[in-house]
Trainee: 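Before anything else, here's the structure in question.
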Amino acid sequence: MVIDRKEAVAVLEEIALLLELKGENAFKIRAYENAARALSTMEIDFETFVRSGEIAKTKGFGKALVEKLIVLVETGTLPFLEELRAVFPASLLKLLQINGVGPKKVSLFYHKLGVTSVDELEAACKDGRIAGLSGMGKKTADNILASIERSRRFESFFHYYTARLTADQLLAALRDITGVQKIELAGSLRRFREVTKDIDILGVSEQPAAVMAAFTTLPLVAETLSRGRTKSSVVLTNGMQADLRLVAESEFANALQHFTGSKEHNVALRSRAQSRGMKVSEWGLFDVSNGGETLIPCDSEEAIYKKLGLCYVPPELRENLGEIECAETGVMPTLVTEADYRGVLHCHTFASDGANSVAELVAHARGAGHSFLAITDHSKSSFQANGLNEERILKQLEQIRDLQKDLKDFRLYAGVECDILLNGDLDLDDDVLKQLDIVIVSVHSGFSRNKRDMTERVVRAIEHPCSRVLAHPTGRLLLRREGYELDWDVVMAAAVANNVAIELNCNPLRLDMDWRLWRRARDQGVRCSLNPDAHRLSHFDFVRFGIGFCRKGWLTANDIVNCWSTDELNQFLGHP
DNA sequence: GCCGTTTTCGGCCCGACTGTTTTCAGTCG
């Protein structure tokens, strides 16, 4: 039995949760969590990684973890995990997902009441058994019931786009409250995580009590979970949780840094501070080198990083995935900005499954200040999307050439989003593809093939001489459908060798290729094409946040073909 | 369980809020 990387990550994560239930040392638990996280971002063949001994040289994998993972690779099972599973039924892990219920409570409920599932916990809350436990009371039981109800009523995660628009609405409402001097977004939304659980907002006010009162009674707020002087939590009408923290002006920079996270980034920063005789928290940076606690004033996030011997780390990069090591060198990449973006290379008209005409899309793109636009409707195999056959594509090509004649300082490219067939062939005749300015290739069928077959299929499409962009390369739909697996080493190498860009599709459901892969792709020489995959004019707005995901992938304007001049792009497309 | 220029033991990031208790444990981020 072969254990792959994903399975190993799942094993480590499960061990961490079970150890929590067991009440193990928190640092031991963290060691498993860190190892799982490290492994999940590595692009390695897990078995080779373990067998070759490479694992033992990797930070975070000590003697105990290496030994366990060797057993896992060699036998396909891990007795250590089996023993833990025998102590706690697997269903207990689900209880940990209930807000306000942590390992201690789960363990208590299990041992005292035999509770093993959410339904049983609900029953125990209702019939008074929970309130009867020592240390628990009626309020605890009521809160657990409310949490269970909330988790059933709403999915716990939201797509970035939904969450961000909700957050922007909330920010605007908060800025209108009397006594609010400053309001900023923090947390995972500021860091551009693709899905998010809650909205974290940080504010400055000299009248925190009044502001908290106003916040918890906003029309957007459905329910107040907690309300303190510096922190309040609410559930919004759409089911999202939002937290507001208030601090004094002098504390703002430190608080913003702290509440932007990630947790892992902050742990690393605090550890760094400690090793330099300092202490960092949401309240400030302190010199603790001579036993006391002397505040080191920081009026900006830049100042905090500087005092810690680092250059500024943009929020998108704060995941403790190498950004601190990079900041230590004094040189950070100049990340792409919204102003660098010059045009969309993937959109649909009503000829296939879009809502607008070519002319409408052109007008919209020009209105947005873009320099070029590529029309890329679906090809004939995507019949569910009314894909175009050779004849219809050629007709559209003619229409586009006509439109171009009247366009000054704007390049309109004729293209197609051509289906990659099961064997890796493209869906349209070569002599038609050759006439187009840009051919985007993508998979829309046969998602369940295995990794090897999918890799071969995609690489074959990349190697087609007309291919220029590989679109939404895994086909994932966030919170709905896993993407198919690809051997990224092979796919990226093929993309570089054949001068094919890989798309970062910024449709909020896709965000595909994932930000975690981009730094590595860029280092290998892969070009990115950032596209909204627009099916209507409003989808052009996806680019605004798409830029954030490019930044999260460490990309500069130079790495993204959509940020190039029309001349440079023409050269890339082979159409001077 | 990991780690090491105070190095093989003894550290390991920090604080707010809640609910239950009279000083604190659990949870969360």
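Computed from a prediction, not measured in an experiment: that's the story for all the values here. Lettering follows sequence order; numbering is per chain, from 1. Side chains are part of it too, since the values below use all heavy atoms of this structure and drop only hydrogens, waters and symmetry mates.
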Trainee: Do A:L478 and A:L509 come close enough that some side-chain heavy atom pair is under 4.5 Å?
Mentor: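 Side-chain contact under 4.5 Å: no.
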Trainee: Output yes when at least one side-chain N/O atom of A:T230 is less than 4.0 Å from OP1 or OP2 of B:dC17, else no.
Mentor: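 Yes, because at least one side-chain N or O of A:T230 sits under 4.0 Å from OP1 or OP2 of B:dC17.
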Trainee: Closest approach to the side chain of A:W283, judged atom by atom: which nucleotide of B:dC3, B:dA16, B:dT20 is it?
Mentor: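 Of B:dC3, B:dA16, B:dT20, B:dA16 is nearest to the side chain of A:W283.
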Trainee: If you assign A:K68 and A:E293 each to the DNA chain B nucleotide with the nearest heavy atom, which residue ends up on the more 5' nucleotide?
Mentor: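 The residue whose closest nucleotide sits nearer the 5' end is A:K68.
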Trainee: Find the distance A:R229:CZ to B:dG15:P and express it as a whole number of Å.
Mentor: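 In whole Å, B:dG15 P and A:R229 CZ are 15 Å from each other.
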Trainee: Expressed as a whole number of angstroms, how long is the span from A:K28:NZ to B:dC3:P?
Mentor: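 Distance check: A:K28 NZ to B:dC3 P gives 15 Å.
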Trainee: Can you check the distance between B:dG15 and B:dG10, where both ends of the measurement are the P atom (answer in whole Å)?
Mentor: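 One P to the other, the span is 25 Å.
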Trainee: Measuring only the C1' atom in each nucleotide, how far is B:dC13 from B:dC2? A whole number of Å is fine.
Mentor: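 After rounding to an integer number of Å, I get 16 Å for this pair.
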Trainee: When the distance from CD1 of A:I130 to C1' of B:dT20 is rounded to whole Å, what number comes out?
Mentor: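 Rounding to the nearest Å, CD1 of A:I130 and C1' of B:dT20 are 15 Å apart.
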Trainee: Pairs under 3.5 angstrom only: tabulate donor-acceptor contacts from the side chains of residues 105-112 of chain A to other protein residues two or more places apart or in another chain.
Mentor:
from   : atom 1 : to     : atom 2 : distance (Å)
A:K105 : NZ     : A:G100 : O      : 3.3
A:S107 : OG     : A:H111 : ND1    : 3.3
A:H111 : ND1    : A:S107 : O      : 3.0

Trainee: Assess A:K552 against A:F192: is NZ or CZ under 6.0 Å from the centre of the six-membered ring, and within 45 degrees of the ring's axis?
Mentor: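 Cation-pi check for A:K552 and A:F192: fails.
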Trainee: When you measure from the side-chain N and O atoms of A:K231 to the phosphate of B:dA16, is any distance below 4.0 Å, counting only OP1 and OP2?
Mentor: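 Result: no.
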Trainee: Counting only non-hydrogen atoms, which of residues 98-118 of chain A are less than 4.0 Å from DNA chain B?
Mentor: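 Here the set is A:I98, A:N99, A:G100, A:V101, A:G102, A:P103, A:K104, A:K105.
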Trainee: Taking OH from A:Y32 and P from B:dC2, how many angstroms apart are they, rounded to a whole number?
Mentor: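 Whole-Å distance recorded here is 7 Å.
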Trainee: Could you tell me the separation between the CE atom of A:M492 and the CG atom of A:L517, rounded to the nearest 0.5 Å?
Mentor: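 Answer rounded to 0.5 Å: 5.0 Å.
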Trainee: Using whole Å, report how far CG of A:L244 lies from P of B:dA16.
Mentor: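 Spelled out: CG on A:L244 to P on B:dA16 is 16 Å.
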Trainee: Using whole Å, report how far CG of A:D200 lies from C1' of B:dG15.
Mentor: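 Going from CG in A:D200 over to C1' in B:dG15 covers 15 Å.
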Trainee: Which residue in the set A:Y160, A:Y161, A:Y341, A:F549 passes ring-ring contact (aromatic ring centres under 6.0 Å, His included) when paired with A:F542?
Mentor: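 Result: among A:Y160, A:Y161, A:Y341, A:F549, A:Y161 is the only option passing the ring-ring contact (aromatic ring centres under 6.0 Å, His included) with A:F542.
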Trainee: Can you tell if the side chain of A:E316 reaches within under 4.5 Å of the side chain of A:R191, non-hydrogen atoms only?
Mentor: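 They are not in contact (no side-chain heavy atoms under 4.5 Å apart), so the answer is no.
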Trainee: Please enumerate all residues that pass side-chain contact (heavy atoms from CB on, under 4.5 Å) together with A:S91, with sequence neighbours excluded.
Mentor: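 For A:S91, the residues satisfying side-chain contact (heavy atoms from CB on, under 4.5 Å) (neighbours in sequence not counted) are A:P89, A:T116.
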Trainee: Indicate whether OP1 or OP2 belonging to B:dG19 is found under 4.0 Å from a side-chain N or O atom of A:N143.
Mentor: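 For B:dG19, OP1/OP2 do have a side-chain N/O of A:N143 under 4.0 Å.
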Trainee: Please identify each residue that fulfils ring pair (Phe, Tyr, Trp, His ring centres under 6.0 Å) with A:F46, with sequence neighbours left out.
Mentor: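 Not a single residue meets the ring pair (Phe, Tyr, Trp, His ring centres under 6.0 Å) criterion with A:F46.
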Trainee: Take the protein atom CG of A:L225 and the nucleotide atom C1' of B:dC28, then report the distance between them rounded to whole Å.
Mentor: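 In whole Å, B:dC28 C1' and A:L225 CG are 12 Å from each other.
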Trainee: Specify the separation, in whole Å, of atom CG of A:L21 and atom P of B:dT27.
Mentor: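 Rounding to the nearest Å, CG of A:L21 and P of B:dT27 are 10 Å apart.
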Trainee: Suppose you measure atom P in B:dT21 against the same atom in B:dC14; what distance do you get, rounded to whole Å?
Mentor: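 Pairwise P distance, B:dT21 against B:dC14, rounds to 31 Å.
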Trainee: Please compare A:T58 and A:G135 by the position of their nearest nucleotide in DNA chain B and report the one closer to 5'.
Mentor: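 That would be A:T58.
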Trainee: For B:dT8, give its Watson-Crick or G-U wobble partner with both distances under 3.5 Å, or none.
Mentor: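 B:dT8 is paired with nothing.
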Trainee: Show every salt bridge (charged side-chain N to carboxylate O under 4.0 Å, His left out) that has at least one partner inside residues 127-136 of chain A, sequence neighbours left out.
Mentor: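 Every salt bridge (charged side-chain N to carboxylate O under 4.0 Å, His left out) pair that includes a residue of residues 127-136 of chain A, provided the two are not neighbours, is A:D127-A:R129.
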Trainee: Sort me out a list of protein N/O and nucleotides 12-14 of chain B N/O pairs below 3.5 Å, or just none if empty.
Mentor:
from   : atom 1 : to     : atom 2 : distance (Å)
B:dC12 : OP1    : A:Q274 : NE2    : 3.4
B:dC13 : OP1    : A:R30  : NH1    : 3.1
B:dC13 : OP1    : A:R30  : NH2    : 3.2
B:dC13 : OP2    : A:R30  : NH2    : 2.9
B:dC13 : O4'    : A:R270 : NE     : 3.4
B:dC13 : O2     : A:R270 : NE     : 2.3
B:dC13 : O2     : A:R270 : NH2    : 2.2
B:dC13 : N3     : A:R270 : NH2    : 3.4

Trainee: Counting the atoms with a prime plus P, OP1 and OP2 as sugar-phosphate, which does A:F259 contact under 4.0 Å by heavy atoms, base, sugar-phosphate, or nothing?
Mentor: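 No contact.
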Trainee: Please confirm whether A:K182 makes a cation-pi placement over A:F252, using NZ or CZ under 6.0 Å from the six-membered ring centre and within 45° of the ring normal.
Mentor: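 Yes, cation above the ring, under 6.0 Å and within 45°.
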Trainee: Take atom C1' in B:dG29 and the same atom in B:dT23, then report the distance between them in whole Å.
Mentor: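 Their C1' atoms lie roughly 24 Å apart.
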